[in-house]
Amino acid sequence: MSISALWAAYGSEYLQALLTTWKLTFFSFGMAFVLGILITVARVSPIIPLRRFGDFYVQIFRNIPGAALLILLVYAFPKLKLLFPYATCVLIATTLIPSAFCSEYLMSGMNMIEKGQIEAARALGMSFLQMIRRIIIPQALRYSVLPMTNLLVATMLTTALGSTVPMVPRELTGLVSHINTHATGGVTAFVISAAFYCATAVLIGFVGSRIDRKVRILR
Amino acid sequence: MSAQTPVIEMRHVEKYYGDLHVLKDINLSVTKGEVVVIIGPSGSGKSTLCRTINRLETIGSGEILIDGEKIPEEGKKLAQLRSQIGMVFQSFNLFPHRTILDNVTLAPVDVLKRNKKEAQQEALELLKRVGVGDQANKVPAQLSGGQQQRAAIARALAMHPKAMLFDEPTSALDPEMIGEVLNVMTELAAEGMTMLVVTHEMNFARRVASRVIFMEDGAILEEGAPEEFFEHPKTQRAQAFLQSIREH
């Protein structure tokens, strides 16, 4: 099938799938971002068990393959009487893994902060949480806009995990599998999805570098 | 609290970095309104001494008292004590992501729970007083070193400290900016602020200090009125140190 014939037959489904990919990406990244900040605060907190937990969390979710995590969520968790809908399983997987990377990027952003500022904050009588809120996290975020942009793209690509379970509605990669089991779209069916992925990534990259320029800390 | 209670008192303070003995039996007191200047060669422990007072450096043994009270080891009480002692660093350490005004108001609002509007008003007055009122809405990187350091002094003053610690406040400055920072410090001293100053600025020490302390190798070797110390240093080491400075 040619691209135009495919588009004529499945155009609206492609748009639907694009929307699903966007939604998954948006929610996963949003939750990963919040979770990543919390984990990072735990990792630098004065409470040692909390630090250990944060490091452990990052080691686990940074290193587990997405497919393996999804298999656990779909097949193993029901045995613990935790039965989630497929879409929820995908969302959990595409949140936990990026949250670990988010924390790593924030940690490296923090390393850019001069030690003297922390001493100044201490000398002013600030508590740990006040320092985190006012001095450390705001700067770590500004230093990590570009890695976070990459993470957003990576999160989008990770949502293709949704194609490995019968999730409804389908996302871009899931739609390709669906089309290819019903018609002979072949590589062409994927080309359309790929174009959408690329266009989204370019848009993300553009917005990311704009934000980076805007919030960059003068030194 | 009696009038004699020193604002800052150190009793038999010892500190080691591994095998290195960096503070040796330090006994020191600073009473209200006094300006104590610590001088001595690099590596003599002056900065370390200064930083132990608000516990940015821990000590091995001995006691440090603020207004007669021992400094707490950690937690809320330590933070509260630190908020009462102003500190000015060699490298300014302003928060680069916030404006100068925010730098001055952050701690009064967050730590002292002061009203934001009032804190801003006072901050602007303080910034004016140290001569950087026009720079309030800029970020630190847009200011010269001298302006940054004066803003850092305003940031410390905004906490209404009982005493101010200056840890080599002019050592990172270009020569023409040193004067403007020293002028602000001189004014503060004249207004009766209790100050402990670690510096290499001998003229400042001579003019402003109520007392000069000479340190070497982690120990206080000599202590006295500035005229006395600069004209008739008692120890040979202090004589040699002053001599080496005068030669230039």
Side-chain angles (χ1 to χ4, degrees), chain A residues 33 37 40-42 44-51 105-149 208-219, chain B residues 47 50-51 53-57 72 74-99 102-113 138-143 148 151-153 155-161 163-167 172:
Chain A
F33 192 67
I37 291 177
T40 307
V41 172
V44 297
S45 78
I47 303 160
I48 289 166
L50 219 52
R51 281 187 191 203
Y105 296 149
L106 286 174
M107 292 294 274
S108 79
M110 267 183 211
N111 286 334
M112 302 278 290
I113 304 172
E114 288 149 53
K115 194 173 140 247
Q117 286 181 47
I118 307 304
E119 290 185 344
R122 283 215 183 104
L124 287 164
M126 287 192 189
S127 67
F128 169 71
L129 284 177
Q130 284 167 340
M131 275 193 287
I132 282 286
R133 216 175 108 214
R134 299 293 193 193
I135 314 298
I136 299 174
I137 292 292
Q139 291 191 68
L141 284 175
R142 284 160 190 246
Y143 284 126
S144 55
V145 174
L146 292 180
M148 291 297 178
T149 309
S209 54
R210 286 288 288 267
I211 294 175
D212 178 56
R213 251 172 287 154
K214 199 159 177 203
V215 303
R216 193 176 291 168
I217 298 168
L218 286 176
R219 306 236 274 179
Chain B
S47 280
C50 184
R51 291 160 54 85
I53 293 167
N54 60 2
R55 214 176 155 82
L56 288 179
E57 297 275 356
E74 54 190 29
K76 269 199 173 124
K77 283 201 161 161
L78 175 60
Q80 204 203 347
L81 179 125
R82 280 172 170 160
S83 73
Q84 300 169 3
I85 306 278
M87 181 142 191
V88 175
F89 300 86
Q90 181 176 345
S91 50
F92 329 136
N93 297 342
L94 292 170
F95 308 125
H97 62 304
R98 304 296 294 258
T99 62
D102 286 347
N103 265 277
V104 181
T105 57
L106 259 181
V109 173
D110 270 19
V111 177
L112 305 180
K113 311 290 175 211
K138 292 185 183 168
V139 293
Q142 294 171 301
L143 274 61
Q148 287 192 49
I153 294 173
R155 174 174 71 176
L157 290 176
M159 299 297 283
H160 302 288
M164 292 272 286
L165 307 173
F166 292 85
D167 185 8

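Protein chains get the first letters and strands the later ones, always in sequence-line order, with residue 1 at the start of each. Every heavy atom of this structure was used, including side-chain atoms; hydrogens, water molecules and symmetry mates were not.
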Does any heavy atom of chain B fall under 4.5 Å from the side chain of A/E119, the backbone, both, or neither of them?
both

Would you say that A/Q139 contacts B/P96 through its side chain, given a criterion of any heavy-atom pair below 4.5 Å between the two side chains?
yes

Pairwise distance CD1(A/I113) to CZ(B/F95) - rounded to 0.5 angstrom
10.5 Å

Do you know which of B/L81, B/N93, B/L112, B/D102 has the most heavy-atom pairs with chain A at a distance under 4.5 angstrom?
B/N93

Kindly indicate whether the side chain of B/L106, heavy atoms from C-beta on, has any atom under 4.5 Å from the side chain of A/I135.
yes

Between B/A79 and A/M126, which heavy-atom pair has the shortest distance, and what is it?
CB-O, 4.5 Å

I'd like to know whether NZ of B/K113 has more than 12 heavy-atom contacts from other residues, nucleotides or ligands below 6.0 angstrom.
yes

Side chain, backbone, both or neither: which part of A/L124 has a non-hydrogen atom closer than 4.5 Å to chain B?
both

So does A/R51 have more than 12 non-hydrogen atoms from other groups sitting under 6.0 Å from CZ?
yes

Sort B/V139 into side chain, backbone, both or neither according to what part of it lies under 4.5 angstrom from a heavy atom of chain A.
side chain

Is a donor on one side and an acceptor on the other found under 3.5 Å between the side chain of B/N54 and the backbone of A/A123?
no

If I measure from the heavy atoms of chain A, does B/L94 come under 4.5 Å with its side chain, its backbone, both, or neither?
backbone

Given heavy-atom pairs under 4.5 angstrom as the criterion, report whether the side chain, backbone, both or neither of A/R134 touches chain B.
both

Looking at chain A, which one of B/I85, B/V88, B/L165, B/V111 has the largest number of heavy-atom pairs inside 4.5 Å, strictly under?
B/V111

Interatomic spacing from CG in B/L56 to CD1 in A/I118 - rounded to 0.5 Å
11.5 Å

Chain A heavy atoms under 4.5 Å from B/Q90: which part of the residue, side chain, backbone, both or neither?
neither

Find the distance between CD1 (A/I136) and NE2 (B/H97) and round it off to the nearest 0.5 Å.
10.0 Å

Gap separating the CE atom of A/M131 from the CG atom of B/D110, nearest 0.5 angstrom:
11.5 Å

Heavy-atom proximity to chain A below 4.5 Å, by part of B/R55
neither

